[in-house]
Protein chains: 4
Amino acid sequence: MSTLLRGIIPPLVTPLLDNNTLDTQGLERLIEHVITGGVNGIFILGTTGEAQSLSFNLRIEMIRQTAKILNKRLPLLVGISDTSIVDSIKLSQIAYEVGADAVVSAPPYYFATGQAELAEFYESLIPQLELPVYLYNMPTHTKVMFSPDTIKRIAADNKVIGFKDSSANGCYFQSVMYTMQDHPDFSFFVGPEEMMAEAVLLGAHGGVNGGANIFPKLYVDLYKAASTRNIEEVQRLHQKVMQISSNIYTVGSYGSSYLKGVKCALSVLHICNDFIAAPFNKFGDEQRNKIRAAIESLDL
Amino acid sequence: MSTLLRGIIPPLVTPLLDNNTLDTQGLERLIEHVITGGVNGIFILGTTGEAQSLSFNLRIEMIRQTAKILNKRLPLLVGISDTSIVDSIKLSQIAYEVGADAVVSAPPYYFATGQAELAEFYESLIPQLELPVYLYNMPTHTKVMFSPDTIKRIAADNKVIGFKDSSANGCYFQSVMYTMQDHPDFSFFVGPEEMMAEAVLLGAHGGVNGGANIFPKLYVDLYKAASTRNIEEVQRLHQKVMQISSNIYTVGSYGSSYLKGVKCALSVLHICNDFIAAPFNKFGDEQRNKIRAAIESLDL
Amino acid sequence: MSTLLRGIIPPLVTPLLDNNTLDTQGLERLIEHVITGGVNGIFILGTTGEAQSLSFNLRIEMIRQTAKILNKRLPLLVGISDTSIVDSIKLSQIAYEVGADAVVSAPPYYFATGQAELAEFYESLIPQLELPVYLYNMPTHTKVMFSPDTIKRIAADNKVIGFKDSSANGCYFQSVMYTMQDHPDFSFFVGPEEMMAEAVLLGAHGGVNGGANIFPKLYVDLYKAASTRNIEEVQRLHQKVMQISSNIYTVGSYGSSYLKGVKCALSVLHICNDFIAAPFNKFGDEQRNKIRAAIESLDL
Amino acid sequence: MSTLLRGIIPPLVTPLLDNNTLDTQGLERLIEHVITGGVNGIFILGTTGEAQSLSFNLRIEMIRQTAKILNKRLPLLVGISDTSIVDSIKLSQIAYEVGADAVVSAPPYYFATGQAELAEFYESLIPQLELPVYLYNMPTHTKVMFSPDTIKRIAADNKVIGFKDSSANGCYFQSVMYTMQDHPDFSFFVGPEEMMAEAVLLGAHGGVNGGANIFPKLYVDLYKAASTRNIEEVQRLHQKVMQISSNIYTVGSYGSSYLKGVKCALSVLHICNDFIAAPFNKFGDEQRNKIRAAIESLDL
């Protein structure tokens with residue numbers, strides 16, 4: 001990545017046949033699908049990628065397969081989040097070996113650290129990584145939120161090139177951008193697609209949005225509208241994103257509805273298998289029919 | 001309010017001389033200050049107004065005094081949030097008697113209700129109110145979040161005319177707006193000023209922003225820039241708001257830094273007293289000097 | 001209270017006819033019922049007493065009526081918890097005037113304070129009270145937990161004579177008792193009846209248990225068994241308490257099942273009305289039948 | 001384990017030289033130390049064992065080394081908690097191969113499941129395990145609490161032989177025991193040592209207490225006193241446990257003070273190294289001196 005990454009980076013789902021087997025053909029179709037949709041990079045082994053539900057070996061296989069299929073057509077970002085610093089470094093080495101462009105790291109998620117311990121953890125981890133690093137804020141899952149000052153402290157190492165925020169907290173995201181305003185080469189990406197347009201209008205560099213697995217062009221178009229300040233188009237496309245959010249991510253009353261909805265939609269569209277790794281299960285027929293109806297009513 | 005309320009409605013601080021005495025002269029100066037700044041209405045007895053820290057009688061006095069000073073120059077919104085439905089109704093009656101335009105209600109905040117109980121509470125409360133109602137979402141303080149569907153259910157009563165969200169959750173706010181899109185006369189206001197511009201760009205109707213007590217014109221100008229889609233001006237003024245947020249609301253390491261910062265700034269500007277009702281205390285000299293320096297560096 | 005309070009102090013429900021009317025006859029029957037059951041004192045206007053759901057005037061009426069009916073036959077403790085320090089003091093004055101023995105205070109519950117602010121709040125409040133004070137820990141409702149050191153700091157004022165813990169956190173309760181071991185005249189009461197016996201076995205002075213409204217003798221007997229270290233009897237009676245907890249407090253899937261269950265059981269036993277103040281509603285026939293069956297199966 | 005496990009099972013710390021190297025000599029000394037102290041079994045790779053902070057390979061090595069050193073002198077329980085079901089099964093297989101007696105499993109801790117999903121997860125996992133299973137409740141770290149009914153549902157499989165609760169919620173623990181009263185062969189262990197004595201007095205079968213790494217005999221004696229209902233001795237020894245809890249687990253103001261305190265105390269006593277895996281760091285000299293003083297003042 002000689003230039004800064006901008007735009008839509010789908011957090012790729014991990015197509016699976018069962019708890020320990022990749023759906024490799026599905027992965028191929030998915031990667032071609034998002035490339036065709038115009039995305040600006042690919043992020044694997046994030047939350048949407050169910051990284052933590054995969055065995056360590058399967059995570060390694062996912063890195064290798066994706067790199068092979070992608071073949072450097074787009075920047076590749078690899079999630080290395082783990083509760084063990086040793087295994088995080090190992091994943092990073094594999095990412096480096098296969099030619100990935102950057103790694104993405106959320107805080108350790110079993111023990112919750114304080115801010116000083118969090119900064120020290122990254123000050124210990126980062127020198128052991130060979131690739132640039134994005135910090136990944138996901139407090140509902142990791143139980144800790146990077147404070148703006150902690151981000152600033154960690155980003156004193158130039159290897160830290162950006163920040164992805166999935167907190168959905170708009171104040172917090174603005175505070176981080178304000179605190180980091182003297183780091184012009186530092187990138188800000190927003191996870192929740194419902195906030196992507198507004199974040200870009202206020203200065204963010206793009207979105208790592210799960211829906212871009214399913215409808216990559218929509219999110220790419222929305223990003224472009226926002227980055228060119230075409231508010232009318234932003235509002236029109238944003239409504240589509242909200243329709244997806246309201247109808248595809250909310251079937252059933254599960255905390256996991258989002259994940260199930262994304263994988264089910266990809267299956268309905270014949271892109272990849274909808275198997276979901278334990279502890280979750282894929283949707284049954286009734287929910288699948290709702291997802292199908294939701295896709296049809298989108299008129300995309 | 002024959003027309004819909006739009007723009008900046010400061011959540012007025014309650015100027016105090018001690019725990020049970022209004023700073024009436026300060027209140028007069030404050031009201032003139034925000035009117036001069038061009039605000040579009042006034043909201044009293046919200047969180048920034050320390051309503052819950054005031055005795056019931058002092059809340060009544062605040063309603064009467066504000067109505068008298070304001071003298072219908074601007075729409076007046078009155079917070080009636082209480083853990084007792086009986087006392088909520090009593091506050092609403094006083095608001096009605098003094099000619100207020102609407103009431104604002106957050107959920108009961110001692111017992112946390114489920115969504116069905118929350119809807120039933122409002123279905124019981126609203127018919128007993130004589131003024132239009134804004135729902136007020138403040139989950140950190142009330143321990144419950146209005147679900148979008150609950151808002152839709154409560155808003156089936158036309159007396160419910162709008163929603164103020166202080167959750168800081170951008171996804172949630174977008175979901176509420178999307179869910180309520182078939183209610184064109186329903187208004188959406190955002191509490192956290194750090195998110196006001198982006199919310200308005202995406203369709204919100206204004207901000208109930210604490211900083212508008214101190215610098216009303218800044219927030220009015222930012223609202224206007226956003227509502228006229230002048231992104232360049234939005235970004236310029238938004239930086240000022242972020243500077244206020246970062247430097248005035250974060251002195252000390254208190255959860256109450258925001259409230260202390262706003263009142264201290266108003267005192268530094270000779271607008272009103274900085275006494276804060278129990279359980280909080282006003283800043284000492286050291287913090288006051290930081291606030292003074294922060295104000296000067298704003299160059300407003 | 002020339003001697004230390006020990007044993008079972010029921011947190012009295014507030015019998016109601018509607019949101020703003022006491023069921024005075026029910027209150028009389030309830031007080032006679034718990035006196036007959038052998039309880040060691042009465043605590044009104046706690047969480048089980050729905051204090052926060054009552055209008056300020058109704059809380060005052062409840063204090064006066066209870067004092068009149070009780071007529072000093074037992075120690076009377078009055079909850080004065082309020083978000084306003086001024087109104088807390090007012091309630092305390094009324095408690096003093098009617099001859100109550102102590103007041104009980106939980107932290108302000110709208111704004112969450114830090115530990116230093118919490119200590120300062122009590123250091124400001126306590127000198128303005130004319131009665132001895134019990135601190136009341138109820139973190140699920142007040143959003144703040146008294147740290148053991150904060151309790152020690154507040155209890156430097158001898159007017160603070162005890163602590164009631166409703167956190168259900170056994171480690172915490174033990175830590176408070178350990179921290180306060182050099183205050184031999186300080187009392188420790190436990191709220192959750194499921195933990196009463198074990199707390200007393202390890203040194204606590206009694207229970208403020210909601211079930212003692214319904215079956216006062218059971219809780220008195222269990223307390224006696226625990227305080228005389230009759231473990232066999234403790235285990236036998238504790239099973240009854242667990243049966244009540246499992247069958248009477250869990251009907252429906254409401255956060256408010258406990259409160260509804262207690263009032264419904266009292267109504268089934270013809271002791272008082274089961275009206276519950278907003279934001280909650282009493283049980284319907286289906287749940288009432290379950291409560292009736294649960295009572296019958298108790299064989300008390 | 002032909003008979004039910006009872007008594008004190010220390011959750012063994014994992015002695016480390018660095019993030020990826022066992023302190024094998026320290027592990028040997030530690031195991032001899034707790035055996036000499038009279039403990040009833042050993043539990044490795046729990047929270048106190050920093051399992052999640054260890055690389056997958058190091059966890060395997062810890063299983064093998066412990067089994068070898070222990071050489072079946074005591075029952076061995078192995079923690080298999082992981083976010084990946086595949087890797088949980090793998091750890092369980094290794095435990096089986098080395099002759100461990102049971103495995104211990106906490107819920108997946110990245111994605112938080114609902115109760116139904118949690119039950120389904122275990123219904124999928126358990127048939128794939130060759131050893132008996134203890135369920136491990138650790139809600140602060142896993143973000144989900146086993147409901148009593150979920151435990152009952154999972155325990156329909158006889159392979160599930162017990163429950164360890166580290167919630168510190170005494171009501172909850174009693175509810176689980178009450179709900180499972182018709183499973184006489186099901187065991188209940190309590191994690192927090194501050195609650196061990198009272199839990200055993202009310203029917204629990206023992207403690208998995210971190211302090212038993214340092215002072216095994218104290219916890220064994222306290223367990224014996226509680227199980228023989230010698231309340232006087234219980235209270236005497238419980239005070240020692242509270243002294244440890246108050247003075248050794250609270251140095252510094254870290255969420256990780258407990259873990260740091262246990263390892264530092266073991267190092268002060270020349271039992272094993274005090275290295276702590278990332279994201280935490282061991283105590284410096286100042287804290288170490290406090291730990292040393294706390295140990296001396298214990299007079300054990």
Side-chain angles (χ1 to χ4, degrees), chain C residues 115 139-140 145 147-149 152 165-181 190-204 209-210 222 225-247 249-250 253 258, chain D residues 115 139-140 145 147-149 152 165-181 190-204 209-210 222 225-247 249-250 253 258:
Chain C
Q115 292 298 316
T140 52
M145 193 125 165
S147 79
D149 287 343
K152 186 155 195 166
D165 181 29
S166 291
S167 73
N169 187 316
C171 287
Y172 167 79
F173 188 69
Q174 292 298 326
S175 295
V176 173
M177 289 210 293
Y178 182 78
T179 301
M180 295 294 291
Q181 62 186 325
V190 68
E193 54 206 73
E194 300 85 352
M195 302 175 69
M196 188 265 283
E198 61 190 285
V200 170
L201 284 170
L202 267 285
N209 307 140
L222 178 54
S227 61
T228 57
R229 302 179 178 181
N230 182 343
I231 306 286
E232 207 162 326
E233 185 72 353
V234 161
Q235 292 191 346
R236 192 181 70 81
L237 296 171
H238 175 70
Q239 280 298 98
K240 290 287 180 192
V241 168
M242 291 312 301
Q243 193 177 344
I244 292 167
S245 171
S246 295
N247 297 334
Y249 303 162
T250 58
S253 53
Y258 157 75
Chain D
Q115 292 297 317
T140 51
M145 193 125 165
S147 80
D149 287 344
K152 187 157 195 164
D165 180 31
S166 291
S167 72
N169 186 316
C171 287
Y172 167 79
F173 188 69
Q174 292 298 326
S175 295
V176 172
M177 289 211 293
Y178 182 79
T179 301
M180 294 295 292
Q181 62 185 324
V190 68
E193 55 207 71
E194 299 85 351
M195 300 175 72
M196 188 265 284
E198 61 190 284
V200 171
L201 285 169
L202 268 283
N209 307 140
L222 177 54
S227 61
T228 57
R229 302 178 178 181
N230 182 344
I231 305 287
E232 208 161 325
E233 184 72 353
V234 162
Q235 293 191 346
R236 193 180 69 81
L237 297 173
H238 173 72
Q239 280 297 98
K240 290 287 180 192
V241 168
M242 291 311 302
Q243 193 176 345
I244 291 167
S245 172
S246 295
N247 296 335
Y249 303 163
T250 58
S253 54
Y258 157 74

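Source: prediction; values computed, not measured. In what follows, every chain begins at residue 1, and chains take the letters A, B, ... in the order their sequences are listed. Values reported hereafter were calculated over all heavy atoms of this structure, with side chains retained and with hydrogens, waters and symmetry mates removed.
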Pick whichever of C:N169, C:V241, C:V190, C:T179 has the most heavy-atom pairs under 4.5 Å with chain D. C:N169
For the CD atom of D:E194 and the OG atom of C:S175, what is their distance to the nearest 0.5 Å? 5.5 Å
Heavy-atom proximity to chain C below 4.5 Å, by part of D:Q174: both
Between chain C and each of D:A168, D:S246, D:A199, count heavy-atom pairs under 4.5 Å; write down the option with the most. D:A168
Contacts of C:Q243 meeting side chain to side chain contact (heavy atoms under 4.5 Å, CB included) (sequence neighbours excluded), chain-then-number -> C:K240, C:N247, C:S297, C:L298, D:Y178
If you apply the rule side-chain contact (heavy atoms from CB on, under 4.5 Å), what do you find for D:Q239 with C:Q181, and how did you get there? CA-CA 10 Å; D:Q239 280 297 98; C:Q181 62 186 325; 2.8 Å; yes
With D:R229, which of C:V234, C:I231, C:L201 fulfils side-chain contact (heavy atoms from CB on, under 4.5 Å)? C:I231
For C:Q235 versus D:G203, what's the shortest heavy-atom pair and its separation? NE2-N, 4.1 Å
Closest approach of C:L202 and D:E198, non-hydrogen atoms and distance? CD2-CB, 3.7 Å
